[in-house]
Amino acid sequence: MIVVTGATGSVGSALLKQLKEAGVAARAVTRDAKRAAVPVGVEVAEGDLTKPESLENAFSGASALFLLMTAGDVANRVDLAAVVGLARRAGVKRVVLVSSLLAQTHPDSFPGRSSLQGEQIVRDSGLAWTLLRPWEFASNVLAWAPAIRAEGIVRVLTSGLPSPAIHPADIASVAFRVLTEDGHEGAIYPLTGPQGLTPQDKVRAIGAAMGREPSFVEQDDPRALEQLARQAPDEVSAKLMIPGVCGLESPGPLSTVELLTGVPARTFQQWAHDNVNAFR
Ligand SMILES: NC(=O)c1ccc[n+]([C@@H]2O[C@H](COP(=O)([O-])OP(=O)(O)OC[C@H]3O[C@@H](n4cnc5c(N)ncnc54)[C@H](OP(=O)(O)O)[C@@H]3O)[C@@H](O)[C@H]2O)c1
C-alpha cells in the first residue's frame, strides 16, 4: 500500500492516476475526504500534515509514503520529523520526498535552506529515502488564469528569465518509478522540463492551446517589486513570489525525467493543452 499525500494537488493526483492504472494499491491523504476528488477505487484517508497524530489511520498498513509538503505557511507548521517518525512506527519502509531544486541551485537562500532542512530530516528518518528536486512547476502560471479569463491579458512584473518549468505529471511519473521499482534508495533526482521558456513564450503556448493569444504586458512597477521584497524573507523568495514568473536563473533543462521514465519530459505546450480549460 502506497500512501500519497498532496493527493488532490497537481503532482499527487497524477501519481494516484498512474498507480491506479498500474493496479498498485494506493491511499490518498486529504484534509477533507468529502471534497476530495480521487480516481474511483482509490482508498481515501483523512489527515493533516500539521497535526501528525491525525495521520495514524492514513499510515496504517502502508509500505511506502509519497510526501509532498505544501509551500509557505503550511510547510512552516509541519513537524516533518514527527510525520516521518509516525510513518516508521506504522511500518512504512520507503519514503519519497518532493523537495525543490533550490536546495541545489540556491542552497543559501531561505527556500533553499528550508528544503535542505526537510531533506535532512527525511535522510535521518531511518526509512529508505529518495529525494525529488523539481524546478519551477508549469502549473505556477495558473496565477495568470483569472486575468486571462476576465480580460484576455497577462501582466507580468518582470519578464523573467527562460525557465524549464516541469509538468507536474512528470514529477508524478518519476515518483511512480521510484515507488514501484528497486534501486532508487538514497538517490537525489533534480527534475526540470525539457526547454527553457520565457513568460512570453508561455503565454504564446497558452494562446496556442486556447486558439486565441492573450495580450502580454510587462509592467514596469518598481513599487510592486519593492513591496514583494519587503514581504519576502530574502531576495530569492521575493523573485519566487512574482506571479507566474520564475525570476531566478535556472540550471537549464536536465535529462533526468527521460532517463528515469524512458520517455521525453512533457513540454510546457503539453501542459497548456492539458490545462486549457483553466484559462477559458
Ligand atoms: N510550485 C513550484 O514551482 C514548486 C517548485 C519546487 C517544489 N515545489 C514543492 O511542491 C509542493 C507544493 O506543490 P503545489 O503548491 O503545486 O501543491 P498543490 O498542487 O497546490 O497541492 C497541495 C496539496 O497539499 C494538500 N495539503 C495542503 N495543506 C495540507 C495539510 N495541512 N495537510 C495535508 N495535506 C495538505 C492539499 O490537499 P487537501 O486540500 O485535499 O488536504 C493538496 O493536495 C511544495 O512542497 C513545494 O515546495 C513547488
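As the structure is a computational prediction, the values presented were derived from the model and not from experiment. Worth knowing before you read on, the calculation uses all heavy atoms, side chains too, and leaves out hydrogens, waters and symmetry mates. Counting starts at 1 for both ligands and their atoms, in listed order.
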Just which atoms of ligand 1 are under 4.0 Å from any heavy atom in [X]?
X      : value
Thr30  : 38 (P), 40 (O), 41 (O)
Glu136 : 3 (O)
Asn140 : 1 (N), 2 (C), 3 (O)
Ser99  : 7 (C)
Ser10  : 16 (O), 19 (O)
Arg35  : 39 (O)
Gly6   : 23 (C), 24 (O), 43 (O)
Thr8   : 36 (C), 37 (O), 38 (P), 39 (O), 40 (O), 42 (C), 43 (O)

*Of the non-hydrogen atoms in Ile171 and Pro134, which two are nearest, and what is the gap between them?*
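Heavy-atom minimum between the residues: CD1-CB, 3.6 Å.
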With only distance considered, is [X] within less than 3.5 Å of ligand 1 through an N or O on each side?
X      : result
Trp135 : no
Gly9   : yes
Leu49  : yes
Asp48  : yes
Asp32  : no
Ser139 : no
Met69  : yes

_Pair Ser173-Gln18, side-chain donor/acceptor within less than 3.5 Å_ =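 Yes, because at least one side-chain N or O of Ser173 sits under 3.5 Å from a partner of the opposite role on Gln18.
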*Between Asp234 and Ser237, do the side chains contain an N or O donor and an N or O acceptor separated by less than 3.5 Å?*
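Yes, side-chain donor-acceptor contact under 3.5 Å.
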Strictly under 4.0 Å, does any heavy atom of [X] approach an atom of ligand 1?
X      : answer
Ala36  : no
Ser13  : no
Pro134 : yes
Lys51  : no

Roughly how far, to the nearest 0.5 Å, is the [atom2] atom of [Y] from the [atom1] atom of [X]?
X      : Y      : atom1 : atom2 : answer
Gln269 : His167 : CD    : NE2   : 11.0 Å
Leu260 : Phe176 : CG    : CZ    : 13.0 Å
Arg133 : Ile188 : CZ    : CD1   : 4.5 Å
Gln227 : Asp221 : CD    : CG    : 9.0 Å

Any side-chain heavy atom of [X] sitting closer than 4.5 Å to one from [Y]?
X      : Y      : value
Val11  : Phe66  : yes
Ile242 : Val156 : no
Arg27  : Ile2   : no
Ile153 : Trp144 : no

*Select one of side chain, backbone, both or neither to describe which atoms of Arg77 lie under 4.0 Å from any atom of ligand 1, heavy atoms only.*
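Answer for Arg77: neither.
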*asked:* Below a 4.0 angstrom heavy-atom separation, can you tell me which part of Ala7, side chain or backbone, both or neither, approaches ligand 1?
replied: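 Backbone only.
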_Any donor-acceptor pair under 3.5 Å from Arg155 side chain to Gln219 backbone_ =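 No, Arg155 side chain to Gln219 backbone: no donor-acceptor pair under 3.5 Å.
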*Please write out which residues are connected to Leu248 in a hydrophobic cluster, directly or through intermediates, given that two of Ile, Leu, Val, Met, Phe, Trp, Tyr count as joined at side-chain heavy-atom separations below 4.5 angstrom.*
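Other cluster members: Leu101, Leu102, Trp135, Val236, Leu240, Leu254.
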